[in-house]
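Okay, so here's the structure we're looking at.
Each chain gets a letter, A, B and so on, in the order its sequence line appears, and its residues count up from 1. Hydrogens, waters and symmetry mates are skipped; everything else that's a heavy atom, side chains included, is used.
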Amino acid sequence: MQIYNTMTRKKEELVPLVPGQISMYACGPTVYNYFHIGNARPFIVFDTMRRYLEYRGYQVKFVQNFTDIDDKMIRRANEEGTTVKALGERFIKEYYHDADALGVQRASVNPRATEHIGEIIALVGTLVEKGHAYVTPEGDVYFAVRSFPGYGKLSGQNIDDLENGARVDPGEAKRDPLDFALWKAEKPGEPSWDSPWGKGRPGWHIECSAMSMSILGQTFDIHAGGQDLIFPHHENEIAQSEAATGKPFARYWMHNGYINVDNQKMSKSLGNFFTVRDIAVEFDLEAVRMFMLSVQYRNPVNFSRELIQQAESSLERLKTARARLEEAQIAPAGTPEDAAFTALLDEIKVRFCDAMDDDLNTADALGALFDFARAANTFVTEPRGKTAVDKAKSLFDELTGVLGLLVNKKAEEFPAEALDLLDQRQAARKAKDFSRADAIRDALKEMGFAVEDTAAGPKLKKLS
RNA sequence: GGCGCCAUAGCCAAGCGGUAAGGCAGAGGUCUGCAAAACCUUCACCCCCAGUUCGAUUCUGGGUGGCGCCUCCA
């Protein structure tokens, strides 16, 4: 598989450190609020990456953290009149609620910063010992950026150019404007932990280094996140980690593009964001996942309701095709067309995998899936061999499963009242009382159900 | 100022050297009591100008127009 490595700015063959295994770390949410559509992209994209790697037979250790201590957490907790801990607990729960609905599987490990304070302190200690970090009289610890020669290698920034734009907040005792906090001394009313430098709390960047290395090892395969984390977050992670261990940190860096609104980056600071929770009121979140996967992950994509609707419609096509396969009539002796169809299935699978192998080109992979749907729809217009139909069903589930689509296949349930009306309509049709039949159909539509008369009889379908 | 990304039909989006996948929407048709779903047909010379090449949407240079990072941010 080829993936685009931000570090080298090229597509590279993914060769894991340990054959057959992939260790992967994705930066997770700061749990101070519901997450928005922009946050949802990496969750969905890297979940898909993980699913595909597993599909290809890798044993994947996938880590996504929760940042549950930082400035935003503290501020929000104060606003809400609650503790940072309680706030974190609450929004971790809310994260799972939304992530589940988006078809995002649980990570192998979801570490929380506050549960890794020991590792963080040890890492900061190492950096101080090695002369890469210094302690201020106030009890803050800063990383000395100029002590790490490779600084800027991920973002392609020249350290002196960065210097010009850097600023120092009043009260910060930095030796160099580029230096960043590893440990922040306690302030009144803030959560704190004991450390060799006095009470305090970790800086943002160090927690990801500490958690990723303690769970995945000092060198691991893939580090992923949004493009806006390239600088300074990931740059700082590299500096801290490699300065401490003397070993390469992550081997491949994957970064997803932004979600835009009216061509502008969606972000909390711009206030132009939609939370996933908001969208869930209007749409099944599976449509949001479809929307995200309809674009290759590195490209920016505009968000709008219209596009979610488009995604919803196209998802419907996939669902219908799968349902038709399920209802396909079986010809006991098979049919002459079975062999050609089965061969086509093999081609589609290859096309799908080729697309995914090319830097997770989900848009192209979906193209293969839609061709699959058309072929299957045509195929099942007549009774077919069981082997061919079964193969189609399992391959369809396999491929949609890789994308995390159509995974909730629980049978739709309809209210007894609606089913009763459906029977009445059918009776009216038999009696050729079509005006009554149509009236009932309208009534069902009022209730939110469409009627489809299939070869196997009339069916209800939930309208969205 | 430094670093980087993007420009393909009404909308979304693949392709990235041999003359444009797929989806949504639209039009016509088949099927249907009528619909719906499905199927068939139809719907683009790929921002502009040079250059390289037998041949460029695809490579190079220059424009134009969008966007991002350099500050918390997925």
ask   = Distance between the P atoms of B:G18 and B:G28, in whole angstroms?
value = 37 Å
key: Pair partner, B:U32 [Watson-Crick or wobble, under 3.5 Å]   = none
Check against salt bridge (charged side-chain N to carboxylate O under 4.0 Å, His left out), A:Lys391 and A:Asp338 = CA-CA 10 Å; A:Lys391 180 171 176 176; A:Asp338 291 359; over 6 Å; no
Grab the N/O contacts between the protein and nucleotides 19-26 of chain B below 3.5 Å, and write none if there aren't any.
| unit_1 | atom_1 | unit_2 | atom_2 | d |
| --- | --- | --- | --- | --- |
| B:G23 | O2' | A:Ser314 | OG | 3.4 |
| B:G23 | N2 | A:Gln310 | OE1 | 2.8 |

query = A:Met356 and A:Ala365: which non-hydrogen atoms are nearest, and at how many Å?
reply = SD-CB, 3.8 Å
message = Using whole Å, what does the distance between atom C1' of nucleotide B:A74 and atom CZ of A:Arg298 come to?
response = 17 Å
inquiry  = Measuring only the P atom in each nucleotide, how far is B:G55 from B:G66? A whole number of Å is fine.
reply    = 34 Å
inquiry  = Only pairs with both distances under 3.5 Å count, Watson-Crick or wobble alike; so what is the partner of B:A20 in this structure?
reply    = none
request  = Any strand is fair game: report the nucleotide pairing with B:G65 by Watson-Crick or G-U wobble, both distances under 3.5 Å, or none.
outcome  = B:C6
query = Under the salt bridge (charged side-chain N to carboxylate O under 4.0 Å, His left out) criterion, do A:Lys349 and A:Glu398 qualify, and how do the steps go?
reply = CA-CA 10 Å; A:Lys349 178 171 173 172; A:Glu398 202 172 293; 3.4 Å; yes
query = With both distances kept under 3.5 Å, what pairs with B:A50, Watson-Crick or G-U wobble?
reply = B:U60
inquiry  = Any strand counts, and the cut-off is 3.5 Å on both contacts for Watson-Crick or G-U wobble. Which nucleotide pairs with B:G1?
reply    = B:C70
inquiry  = Heavy atoms within less than 4.0 Å of RNA chain B: which residues of residues 93-104 of chain A have one? Give them sorted by number.
reply    = none
key: Gap in Å between the two C1' atoms, one belonging to B:A9 and one to B:C24, rounded   = 12 Å
request  = Under the side chain to side chain contact (heavy atoms under 4.5 Å, CB included) rule, collect the residues that match up with A:Asp354, sequence neighbours excluded.
outcome  = A:Val350
message = According to salt bridge (charged side-chain N to carboxylate O under 4.0 Å, His left out), who are the partners of A:Arg305, at least two apart in sequence or on a separate chain?
response = A:Glu282
key: Residue-phosphate contact under 4.0 Å: A:Asn361 side-chain N/O, B:G15 OP1/OP2   = yes
request  = Over 60° means perpendicular and under 30° means parallel, so classify the ring planes of A:His223 and A:Phe249, tilted if in between.
outcome  = tilted
B:G1 and B:C11, which share atom name C1', separated by this distance in whole Å = 38 Å
key: Residues A:Arg201, A:Asp71: salt bridge by 4.0 Å N-O rule   = yes
Value in whole Å for how far the C1' atom of B:C67 lies from CZ of A:Phe303 = 19 Å
query = Counting only side-chain N and O atoms of A:Arg441, is one of them less than 4.0 Å from OP1 or OP2 of B:A35?
reply = no
key: Distance, P atom - from B:U58 to B:C6, rounded to whole angstrom   = 14 Å
Please tabulate the protein-to-nucleotide N/O contacts below 3.5 Å involving nucleotides 44-48 of chain B, giving atom names and distances.
none

request  = Using the closest heavy atom to pick a nucleotide of RNA chain B for each, name whichever of A:Asp358 or A:Ala375 lands nearer the 5' end.
outcome  = A:Asp358
Pairwise distance CG(A:Leu395) to OG1(A:Thr400) - rounded to 0.5 angstrom = 9.0 Å
query = Between atom CD1 of A:Ile44 and atom CG of A:Asn39, what is the distance when rounded to the nearest 0.5 Å?
reply = 11.0 Å
task = Tell whether A:Asp453 reaches the base of B:C34 with its side chain through a donor-acceptor pair below 3.5 angstrom.
result = yes
request  = Between B:A74, B:G33, B:A38, spot the one nearest the side chain of A:Pro42, thanks.
outcome  = B:A74
key: Partners meeting side-chain hydrogen bond (donor to acceptor under 3.5 Å, both in side chains) with A:Ser192 (sequence neighbours left out)   = A:Glu186
Pair assignment for B:G55, Watson-Crick or G-U wobble, requiring both distances under 3.5 Å = none
message = Whether A:Asn377 contacts B:A38 is assessed here as follows: a side-chain N or O lying under 4.0 Å from the phosphate OP1 or OP2. Is that the case?
response = no
Watson-Crick or G-U wobble mate for B:C45, both contacts under 3.5 Å = none
